[in-house]
Amino acid sequence: MGASKLSGMQKQVLSLYRGFLRAARSKPIEDRKRIEMIVSTEFRHNSKEVDRKNFQYIEYLLRLGTKQLDQLKSPDIVSLSSVKVVASKS
Amino acid sequence: MASGLIGRLVGTKPSRLTTAARLIPARWTSTGAEAETKASSGGGRESKLKNFQIYRWNPDNPGKPELQNYQIDLKDCGPMVLDALIKIKNEMDPSLTFRRSCREGICGSCAMNIDGCNGLACLTKIQDGASETTITPLPHMFVIKDLVVDMTNFYNQYKSIEPWLKRKTPPSVPGKEILQSKKDRAKLDGMYECILCACCSTSCPSYWWNPESYLGPAALLHANRWISDSRDEYTKERLEAIDDEFKLYRCHTILNCARACPKGLNPGKQITHIKQLQR
């Protein structure tokens, strides 16, 4: 299905994605769908846009994602939401 | 020339010693040179340009981090590196990102690496002369953007030593403060002034190689502060908690920490004190 031998960084990304999906399971059903939608679009978008060799940026995104996941895991947090911002070049 | 260098390293200048109480080696703290140029140039409105090479990395447009050059007229700018950074942000490049708060060396937000030495931007004078000043974030820390670094590991290490008073017995006069003699309070001098700027920990090569397991000079300084506090009753437990191959004994008395501290503290000395108590 995927690559035959995943690199350490790829495994980290997949494990972060898995972590998000597991955290989503503990939330109410419609919030769960919203979280899964946001997380999967984010990951798919980055997988296309980000250069595979840009280790510094990937590590930065991994750290950011881990922090957000820790926040999401807390029982006080109910759901995620996202806003689309278009950078204007005026 | 050589004697001038030696003079700078020792921190004293024969006829230009200012009121700088703490002699920080290898860095300009006296303004003798500046007074000379003012006297010689008279009243002319000539500009004194200086180049700043500043580390830039943007997570929104990620590429390789780069040193970007900015030119500042020192006549129009305050004496400290933070003044230069604020001037650059106001007038030249608003996207330059850095932390700052008190501008007087008490909050510890503006800690960064200036010309190879860690220090607070608000307390480091801009070196006079035509040479370039290089400003980079604290070494061996993950960069969030430009000069802003991720301090969460540092703060978690501080939290892990439990930096609060712990007692087993209630205070002798309930509802009143726990009394402490002047001598016992004097034991805390040199440790309570720490502002958690992370200059010392990020200058320690041992901390660079083991940031997750070694606590670092700042956390250990605070650990000693609570161990030496006469009001705290959990001394033995505190000592046992850090009596670890990695947490404490990664310190090899490199003493870069004492050199880097902008408040003039000596974390290395406090770590030696802890090691002596561990027996």
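Predicted model, so just to flag it, every value in this text is computed and none were measured.
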Review point. Cationic tip of Arg63(A) within the cone over Tyr60(A)'s six-membered ring, i.e. under 6.0 Å and within 45° of the normal?
Key: no

Review point. Which answer fits Asp150(B), side chain, backbone, both or neither, if we ask what part of it has an atom under 4.5 Å from a heavy atom of chain A?
Key: side chain

**Study point:** Separation of Asp229(B) CG from Thr235(B) OG1 (nearest 0.5 Å)
**Key:** 8.5 Å

Exercise for review: Identify which part of Tyr57(A) has an atom lying under 4.5 Å from any heavy atom of chain B, answering side chain, backbone, both or neither.
Suggested key: both

Practice item. Anything under 30° is parallel, anything over 60° is perpendicular, the rest tilted; go ahead and classify Trp208(B) against His140(B). Key: parallel

Point to revise | Side chain Thr124(B), main chain Cys122(B), donor-acceptor under 3.5 Å | key: no

Check your understanding: With respect to chain A, which residue among Gly63(B), Pro62(B), Pro65(B) yields the maximal number of heavy-atom pairs within a distance under 4.5 Å?
Key -> Pro62(B)

